[in-house]
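What follows is a single structure, written as structure tokens, with notes after it.
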Amino acid sequence: MTLSATVVGGSGFTGGELLRLLVGHPEFEVAQATSRSYDGKSVGSVHPNLRGTDLRFSDPADLESVDVLFAATPHGVSMERIDAFRDAADTVVDLSADFRLDSEAAYDEWYDGHSRPELLDEAEYALPEINRENLAGADLIASGGCNATATILGLYPLFADGVLSGDEQVVVDVKVGSSEGGAGGGEASSHPERSGVVRPYAPTGHRHEAEIERFLGTSVSFTCHAVDMIRGASATCHVFPDGPVSKGDLWGAYRGTYEDEPFVRMAAGGSGVYRYPEPKAVAGTNHAEVGFELDPSNKRLVVFSAIDNMMKGSAGQAVHAANVALGFEETAGLEFQGLHPVGAP
Ligand SMILES: NC(=O)c1ccc[n+]([C@@H]2O[C@H](COP(=O)([O-])OP(=O)(O)OC[C@H]3O[C@@H](n4cnc5c(N)ncnc54)[C@H](OP(=O)(O)O)[C@@H]3O)[C@@H](O)[C@H]2O)c1
């Protein structure tokens, strides 16, 4: 029996990706896709890749009763509408940052506070590779942020395997594509302004630092650049270990953590043109690529991680989390392997 699903914010970028995944998912049937701006219009009129589906947008004020509701709305909407979302669905998967942090104090520090702090304990953060056991049966899920996901997947094995203690200096630089800003990305993401740039946009104080530090249990120095891609988040993490680290230690940590993971693949040297993680190689997929290189003369270790921000960084991660929560095959609806060769994603 298939489960019914609603996508609130179905006209947005991540909402469109959710709809693409859900219409091809063996366990879900899309019951409703909402948009206030496109109420009554066909989904294909906004997402041309979905022409041919007979879905139409409806008003989010009139939520149908479904099994699962995915909220792909701007920050602040889910915390305001969470009661309506939970009345409409048994399971709510939120793609925004509204339930990712664990305390009101953290929202006061990193955001503009929180209107429903009593629910923060109930929500499960979703980065299934790392906390799938908490997701089984969860009914309020906060899908991890895109830059945070890229960074955490890159660094996590080093902490999990004891290569790093947590006292080391870690400097992270993430390059992101314009789709991170959403469909209404504004002037900074308009084509003439974005084209050709490598523009620092959050040199310090990026909100995802809070998620990364919560998960890794250590502080990271984090900077973001807006670059001329549409899809993709590419993290370069400079780590300065206290003692010697060998390639064997690194392979042991990364293989030990990820060898059975369906959505994480290693790209660490090897041969060919794409020897390290590459956003283009994972565009449209739920895969993350992770790799590393040692720099002994500078006592440095550099870690790379690449994802598609709208897939592993949001819609794909949300569907993966729902699969785990509901007991489906983890890979259901997420098998797409990507394209090669392909133009800039
Ligand atoms: N883009 C990414 O790469 C990415 C990655 C990870 C997480 N996220 C998070 O995912 C969420 C969605 O991002 P996005 O990039 O898809 O944004 P987007 O393209 O701007 O889409 C936002 C959607 O929300 C709807 N919406 C806006 N205000 C609403 C309201 N008050 N009530 C109901 N619906 C409302 C919009 O449609 P109408 O205004 O027509 O209703 C639209 O469908 C954000 O919280 C974002 O931070 C995004």
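Along the sequence shown, residues carry numbers from 1. What you see is a predicted model, and the numbers here were worked out from it, not measured in a lab. Every number for a ligand or one of its atoms is a count from 1 in the order of the listing.
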Nearest neighbour of [atom] from the list [options], on a heavy-atom basis:
atom: atom 9 (C) of ligand 1; options: Leu95, Leu18, Asp98; value: Leu95
atom: atom 22 (C) of ligand 1; options: Ala72, Ala61, Gly181, Gly16; value: Ala72
atom: atom 13 (O) of ligand 1; options: Val46, Thr149, Val8, Thr14; value: Thr14

Given the side-chain rings of Phe292 and Tyr276, with only the six-membered ring counted for Trp, is the space between their centroids under 6.0 Å?
->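 That pair fails the under 6.0 Å test.
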Would Phe222 and His208 count as a close aromatic pair, with their ring centres under 6.0 Å?
->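 So the answer is no for these two rings.
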Decide whether Phe215 and Tyr254 are clustered together by the hydrophobic rule: side chain heavy atoms of Ile, Leu, Val, Met, Phe, Trp, Tyr closer than 4.5 Å, transitively.
->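 As far as the 4.5 Å side-chain criterion goes, Tyr254 and Phe215 are connected within one cluster.
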Quick one: do Tyr111 and Phe99 end up in the same hydrophobic cluster if we chain Ile, Leu, Val, Met, Phe, Trp and Tyr together by side-chain heavy atoms under 4.5 Å apart?
->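 In one cluster with Tyr111: Phe99, yes.
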Atoms of ligand 1, numbered as shown, that sit under 4.0 Å from any heavy atom of Arg100 =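 In order of numbering, the contacting atoms are 7 (C).
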Can you list the atoms of ligand 1 that are under 4.0 Å from a heavy atom of Ala183?
->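 In order of numbering, the contacting atoms are 18 (P), 19 (O), 20 (O).
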Distance-only polar pair, side chains of Thr223 and Asp173, donor-acceptor under 3.5 Å =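 No pair is found: no donor N or O on one side chain lies under 3.5 Å from an acceptor on the other.
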Please indicate, with yes or no, if any protein heavy atom is found under 4.0 Å from atom 34 (N) of ligand 1?
->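 Yes, there is one.
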Identity and distance of the protein heavy atom lying nearest atom 17 (O) of ligand 1 |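 The closest one turns out to be Gly182 CA, 3.9 Å.
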Is the shortest N/O to N/O distance between [X] and ligand 1 below 3.5 Å?
X: Gly9; result: yes
X: Gly12; result: yes
X: Ser11; result: yes
X: Gly145; result: no
X: Ser35; result: yes

Stepwise ring-ring contact (aromatic ring centres under 6.0 Å, His included) check, Tyr201 with His225 = CA-CA 6 Å; Tyr201 85 84; His225 286 82; 8.8 Å; no
Any idea which part of [X] is under 4.0 Å from ligand 1, heavy-atom wise: side chain, backbone, both or neither?
X: Ser179; result: backbone
X: Arg81; result: neither
X: Asn309; result: both

Which other residues belong to the hydrophobic cluster containing Val198, where Ile, Leu, Val, Met, Phe, Trp and Tyr are joined when side-chain heavy atoms lie under 4.5 Å apart, directly or via other members?
->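 Its cluster mates, by chain and number, are Val227, Met229.
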For Glu261, salt bridge (charged side-chain N to carboxylate O under 4.0 Å, His left out) partners two or more places apart |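 Per chain and number, Glu261 pairs via salt bridge (charged side-chain N to carboxylate O under 4.0 Å, His left out) with Arg132.
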